[in-house]
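What follows is a single structure, written as structure tokens, with notes after it.
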2 protein chains.
Amino acid sequence: MLQLDALTSLKRTFRRGEYLYRCGEHFQSLFAIRTGFFKTQVLHEDGREQVTGFQMPGEIIGLDAICTDVHTCDAVALEDSEICEIPFDRLETLSRELPSLQRHLHKIMSREIVRDQGIMMLLGSMRAEERLAAFLLNLSQRFSARGYSPTSFYLRMTRQEIGSYLGLKLETVSRTFSHFQEHGLLNVRVREVEIMDLIRLRSFVSHT
Amino acid sequence: MLQLDALTSLKRTFRRGEYLYRCGEHFQSLFAIRTGFFKTQVLHEDGREQVTGFQMPGEIIGLDAICTDVHTCDAVALEDSEICEIPFDRLETLSRELPSLQRHLHKIMSREIVRDQGIMMLLGSMRAEERLAAFLLNLSQRFSARGYSPTSFYLRMTRQEIGSYLGLKLETVSRTFSHFQEHGLLNVRVREVEIMDLIRLRSFVSHT
DNA sequence: CATGGTTTTTGACCTATATCAAACGTATTT
DNA sequence: AAATACGTTTGATATAGGTCAAAAACCATG
């Protein structure tokens, strides 16, 4: 594990709005987020954007670029952030020597595939309220896993970015927040979210 | 590469409708499709299904299960098919000795992530006509890569399965096929598709 | 701390797709 | 070959979410 540390010794900081990488750039390294918050997005030629994910500390970014050695999306800092660069060829070399590292890498890639499946499910067969509930519960769970409150957090992204991620227009996102608030499920003050009724919010997404 | 052959020596056949694996089953092997056609799907507890992909010969299935050692979706044969089983722990062992195999595995996993990004884009920000056009062009490209006609092929899946994959109802899929036919873009006779105007179909999905 | 720009909320109205329903085709079984 | 089940097409109607617009809240900057 010392060797792994050596691998990830290159650190860099990004100001809010800065690009970690852009679609089309040559791929060399994965990036581990140490602090901060990122989004990844794909841009259509006609200007439409699709946010493909929001990443927080401990998560790995850039896996999509392995297959062609070219980044297939943009990664943008949503707040001032710090990342570790992981040169991919060195990671591959090292993982040939460390089976546990190899296994770990495979699990990370597989987890990304499972995450994407979840988003397909969300975009393909959920209604607006279910999508937003699923989104908030996912954030809640990830904040919680990092030692933060599962019920009270600050949204780093705009309504338009949430909408793009969820396949909804920003107005629909805003209205759905308002509905949830009216029904006592949560309190929202713009970017500040407090979940009042986790149970009921959960029943929204998987209404058995 | 001889060693790889030894790895994939376990072959099995499946009749149409049979399950290669089911959600929740223990994961041990990846599967390479030799002949035939599969779909993968996730089922909600409330009965809604989401088709997450259609797989054809040469493609690898089961990558989602690596992260938890449990399959997270069903894989169902859409026609009589033959697959190669690839025991995953042996694949990992072998890929530690063969850097080119290691690289190949990583590229395959990454390609799956990129594929999923494309579906997110499709589900999140395209209209019905664009979705179906993108779907048909994707099939066209994949048939073509396997030496079959890019313009004339047989659909192995039902309208309902296409709809589930594209986040549309089967009636919408059917109507959109009819529209395309009325506009001279293609001829459809139920499962038999003939693309008459590839160029115009392309301009549908990436209308610059 | 005033200013200009962005983001969010809310309302009124519209449209793409869903829903419901019926007829029709196509496969499978007997 | 008839019977039955399943998949597809098409029409009429409903609705969730999109669009357009304006006001309000927020926030960065000089």
Side-chain angles (χ1 to χ4, degrees), chain A residues 15-18 39 46-51 76-80 122-136 154-183 186-193 204 207, chain B residues 15-17 39 46-51 76 78-80 122-136 154-183 186-193 204 207:
Chain A
R15 304 297 312 272
R16 180 150 77 88
E18 282 190 308
K39 69 168 174 179
D46 63 2
R48 278 182 290 184
E49 72 163 38
Q50 175 70 34
V51 171
V76 189
L78 292 181
E79 60 182 25
D80 296 355
L122 184 145
L123 293 173
S125 54
M126 289 188 182
R127 293 172 314 100
E129 288 181 339
E130 300 175 287
R131 294 185 199 191
L132 189 64
F135 170 71
L136 292 170
Y154 180 80
L155 298 171
R156 272 72 172 182
M157 65 294 281
T158 66
R159 297 289 186 261
Q160 124 79 13
E161 285 163 337
I162 297 172
S164 169
Y165 181 65
L166 298 179
L168 302 169
K169 293 291 145 170
L170 68 95
E171 294 94 329
T172 304
V173 174
S174 177
R175 275 184 241 273
T176 308
F177 268 122
S178 300
H179 292 165
F180 282 168
Q181 177 146 282
E182 284 159 27
H183 290 279
L186 38 85
N187 281 330
V188 213
R189 249 196 88 249
V190 193
R191 304 280 187 110
E192 200 60 58
V193 172
F204 247 93
H207 50 193
Chain B
R15 305 297 313 274
R16 181 150 76 87
K39 70 167 174 179
D46 63 2
R48 278 183 290 185
E49 72 162 38
Q50 174 71 33
V51 171
V76 189
L78 293 182
E79 60 181 25
D80 296 355
L122 184 145
L123 293 172
S125 54
M126 289 188 182
R127 294 172 314 101
E129 288 182 337
E130 300 175 287
R131 291 184 201 193
L132 189 63
F135 170 70
L136 292 170
Y154 180 78
L155 299 171
R156 273 74 172 179
M157 64 295 279
T158 66
R159 298 287 187 264
Q160 126 78 14
E161 286 164 337
I162 297 172
S164 169
Y165 181 65
L166 298 179
L168 302 169
K169 293 292 145 172
L170 68 95
E171 295 94 329
T172 305
V173 174
S174 176
R175 276 184 240 273
T176 308
F177 268 122
S178 301
H179 291 166
F180 282 168
Q181 176 146 280
E182 284 160 26
H183 291 279
L186 40 84
N187 282 331
V188 215
R189 246 194 92 247
V190 193
R191 303 282 187 106
E192 200 60 59
V193 172
F204 247 93
H207 49 195

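Classification of B:R16 and B:D80 as a salt-bridged pair fails, no side-chain N sitting under 4.0 Å from a carboxylate O. For B:R127 and B:E130, the salt-bridge test passes: some basic side-chain N is under 4.0 Å from an acidic carboxylate O.
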Reading nucleotides 8-21 of chain C from 5' to 3' and marking B where a protein heavy atom lies under 4.0 Å of the base, S where only the sugar-phosphate is that close, and - otherwise, the string is SBBBB----SSBB-
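An angle of 60°, rounded to 10°, separates the two end axes of the helix from C:dC1-D:dG30 to C:dT30-D:dA1, each defined over five pairs.
A:L170 is not listed as a side-chain neighbour of A:T158, based on a closest heavy-atom distance of 4.5 Å or more.
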Show your reasoning for whether side-chain contact (heavy atoms from CB on, under 4.5 Å) applies to A:M157 and A:K39.
CA-CA 8 Å; A:M157 65 294 281; A:K39 69 168 174 179; over 6 Å; no
Practice task
Determine, stepwise, if the pair A:H179 / A:E129 fulfils side-chain contact (heavy atoms from CB on, under 4.5 Å).
Solution key: CA-CA 9 Å; A:H179 292 165; A:E129 288 181 339; 3.8 Å; yes
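For B:Y165, the ring-ring contact (aromatic ring centres under 6.0 Å, His included) criterion is met by B:F54, B:F135, not counting sequence neighbours. With sequence neighbours left out, the side chain to side chain donor-acceptor pair (under 3.5 Å) criterion links A:Q160 to A:E49. In terms of the side chain to side chain donor-acceptor pair (under 3.5 Å) criterion, residue partners of B:R156 (sequence neighbours excluded) are, by chain and number, B:E79.
Nearest approach of A:L132 to A:V173, heavy atoms of both residues: CD2-O, 4.2 Å.
Extent of DNA chain D lying under 4.0 Å from chain B heavy atoms, first and last nucleotide in 5' to 3' order, is D:dG7 to D:dA12.
Checking side-chain atoms of B:R159 against main-chain N and O of B:E171 turns up no donor-acceptor pair under 3.5 Å.
Residue A:R156 is classed as having no contact, given no heavy-atom separation below 4.0 Å to the nucleic acid.
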